There are 2 protein chains.
Amino acid sequence: MEEESPRSYYRHNRLKQLRAFCHAAQERSISRAAKRLGLSQPSVSLQIQALERELGITLFERRGPRIRLTPDGETLYELAGPLVEDIDGLPERFAAHHSRQQLGRLDIAAGESSSLYVLPELLRAFMARHPKVHVRLHNLTGQDLVTAVRQDQVDIAIGSSLDLPDDVVYKATYTYNLKLITPRDHMLADQDEITLNDLGAGELILPPRHLTTWRLVNLVFQQHDIPCKVRLEVGGWEIMKRYVELGFGIGIASSICLTGEERLAIRDLPDVFPRRTYGVMLRRGRFLSPQARRFLELMAPEVFSEGNEWEGGVPDARESVLVPAR
Amino acid sequence: MEEESPRSYYRHNRLKQLRAFCHAAQERSISRAAKRLGLSQPSVSLQIQALERELGITLFERRGPRIRLTPDGETLYELAGPLVEDIDGLPERFAAHHSRQQLGRLDIAAGESSSLYVLPELLRAFMARHPKVHVRLHNLTGQDLVTAVRQDQVDIAIGSSLDLPDDVVYKATYTYNLKLITPRDHMLADQDEITLNDLGAGELILPPRHLTTWRLVNLVFQQHDIPCKVRLEVGGWEIMKRYVELGFGIGIASSICLTGEERLAIRDLPDVFPRRTYGVMLRRGRFLSPQARRFLELMAPEVFSEGNEWEGGVPDARESVLVPAR
DNA sequence: CATTAGCTATTGATTATTTCAATATTAAAA
DNA sequence: TTTTAATATTGAAATAATCAATAGCTAATG
């Protein structure tokens, strides 16, 4: 009786059969069930017969114009009734799930500077507005950021990166300059013009190699063929500022990490240093969760507004990180 | 976009769509899903497309030869996955439910005499064999017994009834005589022949009017046009026996309730009293639960054996209660 | 006891849906 | 760039669902 191929196992429209059966069981009448289902009576009758034939059981006593559930029918109704209701109510339940967008998770990858200086304000606003979203902030740097985005380990990444693969989109949202920081009593603090040579002359304190700034600074010196003596490589911006204050040397830092409370002299750098941007990295073509979309709207409404090219679609524009934003 | 008629609401094969979707989500591949389902790749692809169209959402990112679930897709998979599995596993779960026949309920309606003298032995055996069946013994009499059977309030009824409607089948399983019971020192205890007139002469104690015996006795006296003086009507067999012992009169009782331990004289009645039968009442055409079928097999194997006309079918034979069984 | 009312089953033609083979298209990998 | 391996599309064929008409059944009614 039972065939083997998977094809035959899923045969016919089992749901339609069960629906016909369940409604008939509830109404205690095939005709009424047909009316409720918007079908003809023979249609419902045949569905139930097919179900009985395929299951090899009798579901209804049929004594002329009356039908009654058999014990088997009762059993099946108990099993199938909830399932049919659940499936037929699926669109509504889905919509409900979808509409309370407060729920869910948001995974953000960010570098140290983003985490320290860019995100706090943003996250405060976002979490206030979406108190039930569970946010996870992953600390990654450089290429790991890109990898996390490519492999869907996070919804979005915040940071700046020099070279991006084709399938990652970058949207710059903040622009910052690199600044020279020196002790207040340093020679360069009052000097009119500052040249690359002044910087390369020594005493330079740089952030760790895996940060974009390190690579950027190195790139500039190489392009201008100017040697660059580095005194110290430190583990982060706050540490660099501290060592500059203490007179260990001069540093090049993103203006983003300068709050104005430091006891430092802050000077512009020569124009050869490009402006840096911080922005969002997304896997190209990624469908964003509602939470992620909300976050992006909050972060840069003019770029990620509801209903623009991001809406459920494939982001297409690319921007070089080395080109100033706007 | 959404139509209103119930017809359009249940349209297409929603289950097939969800099945295609869920398998594709698990396999992360439409082709592999198709293979598992025994379908062609375009078939599954089209099912998923239809589902997306009808739900108005995108379930998969499609970037060339790769697909990934969108957030909406993940949500739907969480909702629909279990449902699809449940429905596709329904035949197995049904079979499982069906095979552990120990479970379930058995509703028996019975009169006082059946409950007191016929059923205990039967129920002990049945309950020992089917320890998990929940048995409910309903105490009803006369027409209520019939009503309960007709309205499916009980699975079966045990008792004897004088007139049965067409849609109730009666199967006699035990035959009993009516007996005359008197005090041991009563005049009739030693009399050779006992006539109707002897009985009607007075001192008769009868059971309550709603019992079959009462109607039967009355019928016999009426048919023979013999007056019958009743001294006392009591509430049950045990009570009647007690009052006869105490010398209040003589009684007519079913032999079924005479255990032999009574301090009574027991005499046969004139032949004009028909033999009574106790038996099973069933609604004609009723599909019996496995429990009920087991009980009947136990009660009268020769009548209700596995695989005879009762097997899921319509019992057809009728028997008059006034015709001696066998 | 025949009749009616109300329901279900059956049938055959019709319609809608699903399916497949062949083919086009796509994007990543070689 | 070509290859590869996946999905999308298409149009025709197979399959399943549907309906109108009708037959059959039972219980209730006069």
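Since the model is a prediction, treat every value here as computed from it, not as a measurement. So you know, we letter chains A, B, ... as the sequences are listed, proteins then strands, and number each from 1.
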| said: Looking only at the side chain of N13(A) (C-beta and beyond, no hydrogens), which of the listed nucleotides dT7(D), dA17(D), dC7(C) gets closest? | reply: dA17(D)
| query | Any Lys/Arg nitrogen of R66(B) or E61(B) sitting under 4.0 Å from an Asp/Glu carboxylate oxygen of the other? | reply | no
| Does the side chain of S31(A) get closer than 4.0 angstrom to OP1 or OP2 of dC7(C) through an N or O atom? | no
| Centroid-centroid distance, F287(B) to F60(A), less than 6.0 Å | no
| query | Roughly, in whole Å, what's the span from CD in Q17(B) to P in dT17(C)? | reply | 11 Å
| query | Quick one: is S45(A) getting a side-chain N or O under 4.0 Å of the dT10(C) phosphate, OP1 or OP2? | reply | no
| Results of side chain to side chain contact (heavy atoms under 4.5 Å, CB included) for P42(B) - residues two or more places apart only | S40(B)
| Between R32(A) (CZ) and dG6(C) (P), how many Å, whole number? | 12 Å
Just list the side-chain donor-acceptor pairs under 3.5 Å for residues 73-85 of chain B, sequence neighbours left out, or say none.
| residue | atom | partner | partner atom | Å |
| --- | --- | --- | --- | --- |
| T75(B) | OG1 | P71(B) | O | 3.1 |
| Y77(B) | OH | Q26(B) | NE2 | 3.1 |

| Separation of dA16(D) P from R19(A) CZ (nearest whole Å) | 18 Å
| Just how far, in rounded Å, is C1' of dA17(D) from CG of L39(A)? | 9 Å
| field | For atom NZ of K35(B) and atom C1' of dA5(D), their distance in whole Å | value | 11 Å
| query | Taking only residues two or more places apart in sequence or in another chain, which ones pass side-chain hydrogen bond (donor to acceptor under 3.5 Å, both in side chains) with D152(A)? | reply | R283(A), R286(A), R68(B)
| Minimum-distance nucleotide to I30(A) side chain [options: dC19(D), dT8(C), dT19(C)] | dT8(C)
| request: Give a yes/no on whether any side-chain N or O of K16(B) is located under 4.0 angstrom from OP1 or OP2 of dT17(C). | output: no
| What salt bridge (charged side-chain N to carboxylate O under 4.0 Å, His left out) pairs are there with at least one residue in residues 137-149 of chain B, not counting sequence neighbours? | none
| Can you check the E52(B) CD to dA8(D) C1' distance for me, whole Å? | 12 Å
| dA27(D) C1' sits how many Å from I67(A) CD1, rounded? | 16 Å
| query | What does nucleotides 23-30 of chain C look like as a protein-contact string, B for base, S for sugar-phosphate only, - for none, at under 4.0 angstrom between heavy atoms? | reply | ---BB---
| query | Between Q49(A) (CD) and dT10(C) (C1'), how many Å, whole number? | reply | 8 Å
| Q41(B): what forms a side-chain hydrogen bond (donor to acceptor under 3.5 Å, both in side chains) with it, not counting sequence neighbours? | none
| message | Nearest heavy atom decides the nucleotide; on that basis, is S40(A) or L46(B) closer to the 5' end of DNA chain D? | response | L46(B)
